[in-house]
Chemist: 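Could you have a look at this structure, given as structure tokens, before my questions?
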Number of protein chains: 2
Amino acid sequence: MGTLPELFPEILSKGRRNVPKDLSLEDIARLSGVSRSTVSRVINDQPYVSQKNREKVLRIIREHNFQPNLAARALASQRSRVIGVLIPHDVSDLFADPFFPILLKGITLASNELGYGVTLWLSTVRNHHRSFYDSVFNESLIDGLIIASATFDETFLKWLSNFRKPSVFVGAAPSSMPNVSFVDVDNRNGGFMATRHLLDIGCHRIGMIEGRQKQSSSDQRREGYIEALEKADIPIDPELIIPHGNYTESGGYEAMKRLLVRDVDGVFAASDIMALGAMRAIREAGLRVPQDIAVIGFDGVPYGAISNPPLSTISQPIDLLGEETARTLVYVLDNDVPHALYKILPVALVVRESTSRMVD
Amino acid sequence: MGTLPELFPEILSKGRRNVPKDLSLEDIARLSGVSRSTVSRVINDQPYVSQKNREKVLRIIREHNFQPNLAARALASQRSRVIGVLIPHDVSDLFADPFFPILLKGITLASNELGYGVTLWLSTVRNHHRSFYDSVFNESLIDGLIIASATFDETFLKWLSNFRKPSVFVGAAPSSMPNVSFVDVDNRNGGFMATRHLLDIGCHRIGMIEGRQKQSSSDQRREGYIEALEKADIPIDPELIIPHGNYTESGGYEAMKRLLVRDVDGVFAASDIMALGAMRAIREAGLRVPQDIAVIGFDGVPYGAISNPPLSTISQPIDLLGEETARTLVYVLDNDVPHALYKILPVALVVRESTSRMVD
DNA sequence: AATATATATGGGAACGCTCCCAGAATTGTT
DNA sequence: AACAATTCTGGGAGCGTTCCCATATATATT
């Protein structure tokens with residue numbers, strides 16, 4: 001790649017610098033005929049300002065479109081009103097799955113509404129090392145951290161142990177950190193409901209495609225699957241549980257190929273993306289969904305609704321998951337909560353054509 | 001909704017506050033036996049520090065895991081090394097489309113690598129008004145702005161006219177701002193290639209589904225479509241151009257229904273999502289893709305590759321679009337460029353089954 | 001009317017850096 | 001050896017807030 005200037009085919013003229021200086025608190029104070037302190041009280045909605053002065057200051061602020069300087073505020077108050085969102089592993093194909101984007105949307109909307117900004121830090125293979133966390137993700141500008149990940153490596157855990165600000169995990173926290181706040185969905189119950197639904201429509205040999213083993217979301221979904229089968233007095237066949245779907249379409253596809261030779265009539269995939277891959281494998285084998293094999297996913301991503309056939313799923317309130325995570329963190333920040341908090345959100349069964357076989 | 005405490009089923013114990021105070025520049029200076037100024041020079045990689053002192057300071061910094069306070073830095077230097085990403089319209093279903101998330105990933109990765117943080121601001125119907133921009137999106141903590149949007153309303157444009165920091169648009173800037181930096185893809189050429197490809201495989205009556213009229217990306221794609229037909233001496237039939245696909249699946253579906261009665265044998269949709277909707281309509285009408293109607297989209301989103309049938313498309317380098325946008329903004333910030341810059345990125349034809357009819 | 005109490009106001013210090021400038025130490029030049 | 005040029009170093013001022021404290025003013029209580 002060349003230097004940047006040569007990458008630009010044309011240069012249009014428009015200066016952007018030498019802008020007039022912003023007004024400061026002091027300026028507003030002078031203009032309103034009060035002191036800096038009074039203006040500060042007005043801005044922060046504090047008591048001990050006379051009605052008359054408050055209105056006057058507010059008017060001047062509005063007239064001059066005054067914005068307090070956040071850097072100065074952060075420096076003086078030791079709070080930035082910014083929260084960080086960190087994904088502590090490679091994100092190369094993370095954004096192909098709508099889960100994270102929707103989560104991020106929820107986090108950002110809720111944070112913005114609570115008066116917090118959100119800053120995002122992503123890791124790639126090439127910057128994934130301690131100094132990424134240390135130098136780029138500088139603690140001093142964020143008040144707290146939301147950690148969105150399902151897997152945690154050593155580098156990250158070591159770094160995190162020195163991180164001294166409140167943090168909240170989306171999904172389960174690492175097992176090495178039992179006393180940390182998190183917000184999660186009811187994975188186990190979701191696995192149960194999915195499997196129960198397949199049984200209800202008449203499936204007898206139900207396979208499961210796991211995301212990744214030793215990953216709590218996937219493990220809990222499997223537990224739900226097993227529980228549903230056990231309650232129905234169906235023996236668990238380990239051959240029907242394929243561990244490594246990797247939460248990818250091709251992972252689901254490969255896993256399904258292995259299930260096809262084991263003659264299943266229903267499949268529960270631990271994510272919608274894997275379910276889509278599974279349906280592709282079924283189609284290529286010349287079988288039909290749901291007539292020959294019923295398929296249900298997990299997540300409730302928008303694409304499931306428009307796939308061919310539309311995909312039944314356990315829908316997670318992903319938006320809400322993000323929002324609740326943000327609210328939890330902000331709550332901790334604004335109230336100086338000395339404990340870890342957690343919250344489990346419910347999931348819901350969404351029935352579409354991919355399991356419509358025997359339901360009337 | 002109840003108050004937050006009651007939303008949490010259980011409270012685990014772990015204090016988080018009263019953390020020890022961070023070290024400051026001054027502390028590092030004292031520990032290294034030099035002055036604050038020297039430490040500052042080391043941190044900022046400036047000259048005029050003896051080799052001996054530089055190493056010593058660096059060692060102390062590493063030993064104590066010192067992180068300069070960004071708020072203080074921002075206040076003193078008037079630069080925060082944070083850039084903002086703003087989506088100035090309702091994002092409710094924006095994240096259903098992978099375009100934006102992938103863009104955001106590109107922006108964030110490139111920014112992080114250049115030492116900048118990214119903060120994200122989203123708007124919803126309920127917070128979309130002037131004070132959202134004024135009060136939440138406070139200028140003082142960002143050095144510049146990336147504006148990712150295809151449509152601009154009055155509220156936003158008015159606000160933007162007062163925004164005095166460098167900004168770069170993703171996609172075309174509003175027509176009212178001719179002299180502003182932007183990074184875009186070659187939409188016109190993409191429209192041309194898509195249409196040319198449909199002609200190449202033998203289509204004669206080619207419909208187009210637009211995203212939204214008066215939106216430069218969609219308009220340019222249509223221009224390319226028209227150019228390709230004209231060069232092939234095929235008269236333009238305005239009946240075959242459906243203006244309001246809205247870049248949604250259902251929009252594409254409805255648009256296709258209108259094209260079906262006009263007997264097309266090929267369709268160019270201005271986005272992949274709309275193309276998927278179009279394929280659904282074709283399927284429901286009992287016709288086959290590509291045998292009866294060939295379909296090509298625009299974007300190159302991951303889902304196109306796994307749809308049924310896999311979707312041909314004009315693939316945009318979305319990652320790169322985000323990265324280049326961030327690099328452009330950072331370049332402007334770091335070099336005090338007094339002009340607007342722009343860059344057009346190339347697109348590529350990706351042939352999959354949805355147009356595989358007559359190719360051998 | 002005198003005093004206690006609550007409310008209101010302003011100024012100083014601090015937050016932790018950067019930047020400028022004065023001066024010291026080192027190196028180069030005649 | 002004397003001086004100029006260059007490299008290096010430290011201290012002061014300033015960035016625009018918040019927070020604390022001293023003091024002034026209004027209100028309530030006897």
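Just so we're on the same page: letters track the sequence lines, and every chain starts at 1.
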Chemist: If we only count heavy atoms from C-beta on, is the B:Val82 to B:Leu141 side-chain gap below 4.5 Å?
Modeler: no
Chemist: Would you mind reading off the distance between A:Asn44 atom CG and D:dC19 atom P, rounded to a whole angstrom?
Modeler: 7 Å
Chemist: B:Arg30 CZ to C:dG16 C1': how many Å, rounded?
Modeler: 14 Å
Chemist: Taking CG from A:Asn69 and P from D:dC15, how many angstroms apart are they, rounded to a whole number?
Modeler: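 Taking atom P of D:dC15 as the reference, CG of A:Asn69 is at 11 Å.
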Chemist: Return the value, rounded to whole Å, for the distance between atom CD of B:Gln46 and atom P of D:dT6.
Modeler: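 Between P of D:dT6 and CD of B:Gln46: 20 Å.
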Chemist: In terms of side-chain heavy atoms of A:Arg73, which of C:dC17, D:dG16, D:dT18 is nearest?
Modeler: D:dT18
Chemist: Side-chain contact test, heavy atoms from C-beta onward, threshold under 4.5 Å: evaluate it for A:Val39 versus A:Ile60 and give yes or no.
Modeler: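 No, their side chains stay 4.5 Å or more apart.
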Chemist: Evaluate the side-chain proximity of A:Asp334 to A:Tyr116: yes if any heavy-atom separation is below 4.5 Å, no if none is.
Modeler: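 Yes; the side chains approach each other to less than 4.5 Å.
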Chemist: Taking the side chain as C-beta and beyond, is there a heavy-atom pair between B:Leu120 and A:Val85 under 4.5 Å?
Modeler: no
Chemist: Distance check needed: D:dG16 P versus A:Ile43 CD1, whole Å only.
Modeler: 13 Å
Chemist: Donor-acceptor check, side chain of A:Asn44 to backbone of A:Ser40, threshold 3.5 angstrom: yes or no?
Modeler: yes
Chemist: Go along nucleotides 7-14 of chain C 5' to 3' and tag each nucleotide: B for a protein heavy atom under 4.0 Å from its base, S when only backbone or sugar atoms are that close, - otherwise.
Modeler: SBBBBBB-
Chemist: For A:Asp45 and D:dC19, what is the distance between atoms CG and P respectively, to the nearest whole Å?
Modeler: 14 Å
Chemist: Quick test of your reading: applying salt bridge (Lys or Arg N to Asp or Glu O under 4.0 Å), list the pairs with at least one residue in residues 23-49 of chain A, sequence neighbours left out, ordered by first then second residue.
Modeler: A:Glu26-A:Arg36, A:Asp27-A:Arg30
Chemist: Are A:Leu329 and A:Pro166 packed together at the side-chain level, in the sense that at least one heavy-atom pair is separated by less than 4.5 angstrom?
Modeler: yes
Chemist: Where the side chain of A:Ser40 is concerned, which of D:dT18, D:dT17, C:dT18 is the nearest nucleotide?
Modeler: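 The answer is D:dT18, which lies nearest to the side chain.
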Chemist: Whole-Å distance between D:dT17 P and A:Leu23 CG?
Modeler: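 To the nearest whole Å, that distance equals 9 Å.
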Chemist: Examine distances only and state if a side-chain atom of A:Asp143 and a backbone atom of A:Ile83 form a donor-acceptor pair shorter than 3.5 Å.
Modeler: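 Not a single qualifying donor-acceptor pair exists.
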Chemist: What is the distance from CZ of B:Arg79 to C1' of C:dC17, rounded to the nearest Å?
Modeler: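 Rounded to the whole Å, the gap is 15 Å.
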Chemist: How sharply is the helix from C:dA1-D:dT30 to C:dT29-D:dA2 bent, taking the axes over five pairs at either end and rounding to 10 degrees?
Modeler: 30°
Chemist: Do any N or O atoms from the side chain of A:Lys343 and from the backbone of A:Glu324 form a donor-acceptor pair under 3.5 angstrom?
Modeler: no
